[in-house]
Amino acid sequence: MEFSQYPVNALLYITNRPELVFTEGDGMWLTDHNGKRYLDYLQGWAVNCLGHSPQCIQDALAAQSKKLINPSPAFYNEPSIALAALLTENSCFDRVFFANSGAEANESAIKLARKWGKLNKNTTGENRYEIITFDHSFHGRTLATMSASGKAGWDTIYAPQVPGFFKATLNDIASVEKLITGKTVAVMLEPVQGEGGVLPATREFMQALRALTKKHNILLIADEVQTGMGRCGELFAYQLSDIEPDIMTLGKGIGGGVPLAAMLCREEIACFEPGDQGGTYNGNPLMTAVGIAVAQALLAPGFLQSVKDKGDYLSKALLKLTKQHGLAGERGDGLLRALKLGSDIGPQIVEKARDMGPVGLLLNSPRPDLLRFMPALNVTIEEIDQMIAMLSDVLTQVKK
């Protein structure tokens, strides 16, 4: 079928898309409507943690769809209970609220923090509702999560913003401390700022931040929508810094490709009352059955160690590429990494890599001077080597 035969104008225009339609996916590979294959280092923006259409997700969907799809969140269902137990057993949290997207999970975290701030007022009896977030952060596309985000220009698109969010500088503890007021209820951050350019919070900063929030009796919220579920080499990225947040959000990888997210909290923070939070599809058994399959795969013996090992391998390969082509280095944790290009050639690389033949390469450039890599966590060494070779060819063309 030719691209011109697809009624693409029926879709609302929200972004520029190339003239190709993906029809199949398998592991690290996608196939378009012309039969061309692409090595995919986007994986739905770190969503497909086990690659495209892994067998365990196929099996979970098939088996659960024959049993129960959605009894409504007014009732318990077995898969949501089992997945909540898996998450709490392997984290520092006690309670789980399931959602459909990372933005929705972050919205839930904001609501929970503000509710807790009403119940735990400041010394003058005022509600606490202000949340400190960070420049270059990305927390979602709802009005509240856009207001929480530090993405340039987002303060004017749908102005006025939701009030109560103040921006600090990542890895600068003094910038956080000076924003704390009697109305501050929480600090919210990504352990690695993905959309901001794969900017990791240092272990020292995370530990200082945890100490500061405890000193002022304010909550620490870890937005692990992109970093959670094995992406950084531990099941959750907060574990890299040996701290325990009060609230954590998950998305992307938790569903392995299906719409699933979660907000987790410690027992003493769990202050929602009936009617405070909900959602028609939240915790439905079809999606949470997939979540169980994903979590079990990640928790299998040796899996997370393999993520660390392949993250190290990718890091070294990117450093070799840096030396070969005169680039500016690389950074990241686990299999969330960035190649610093040293100039604004990222969009050119993305386009040339996608269009090269006979096989294409899918890359992401969240900033024009870098590339971000988000492969499946079970990517092979051979697929890393293949990507590096393809990218090297593209760099040679672009830098001529």
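Count residues from 1 along the sequence. These numbers come from a predicted model, not from an experiment.
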In the hydrophobic clustering that connects Ile, Leu, Val, Met, Phe, Trp and Tyr at side-chain heavy-atom distances below 4.5 Å, which members other than V47 occupy its cluster, ordered by chain and number? none
Is the ring centre of F272 less than 6.0 Å from the ring centre of F97? no
Is the distance from the ring center of W154 to that of F138 below 6.0 Å? yes
State whether the number of non-hydrogen atoms from other residues, nucleotides or ligands found under 6.0 Å of [X] atom [atom1] is greater than 12.
X	atom1	value
E2	CD	no
K115	NZ	yes
Q324	CD	yes
Y158	OH	no

When rounded to the nearest 0.5 angstrom, what is the spacing between [atom1] in [X] and [atom2] in [Y]?
X	Y	atom1	atom2	value
L264	S91	CG	OG	5.5 Å
M287	I69	CE	CD1	8.5 Å
L179	I132	CG	CD1	5.0 Å
L39	L30	CG	CG	9.5 Å

Please report the shortest heavy-atom distance between [X] and [Y], naming the atom on each side.
X	Y	answer
D333	V192	OD2-CG2, 3.6 Å
P245	F93	O-CE2, 3.4 Å
T88	R95	CG2-N, 4.0 Å

Any chance you could lay out the salt bridge (Lys or Arg N to Asp or Glu O under 4.0 Å) test for R210 and D246, step after step, and finish with the verdict? CA-CA 10 Å; R210 178 69 283 195; D246 300 296; 3.0 Å; yes
Between [X] and [Y], a side-chain donor and acceptor under 3.5 Å:
X	Y	value
Q207	S241	no
E104	N282	yes
S80	N77	yes
N122	R128	no
Q58	S53	no
T322	E330	no

Could you check N364 against Y41 for side chain to side chain contact (heavy atoms under 4.5 Å, CB included), going step by step and ending with a plain yes or no? CA-CA 8 Å; N364 170 247; Y41 270 76; over 6 Å; no
What do the steps show when you test E224 against R231 for salt bridge (Lys or Arg N to Asp or Glu O under 4.0 Å), and what is the final call? CA-CA 10 Å; E224 297 230 25; R231 176 57 54 183; over 6 Å; no
Specify whether H33 and F3 have parallel, tilted or perpendicular ring planes, treating 30° as the upper limit for parallel and 60° as the lower limit for perpendicular.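 Tilted, since the angle between the ring planes falls between 30° and 60°.
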Ring of F165, cation from R114 - is the NZ or CZ under 6.0 Å from the centre and inside 45° of the axis?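 The answer is yes, since R114 meets both limits relative to F165.
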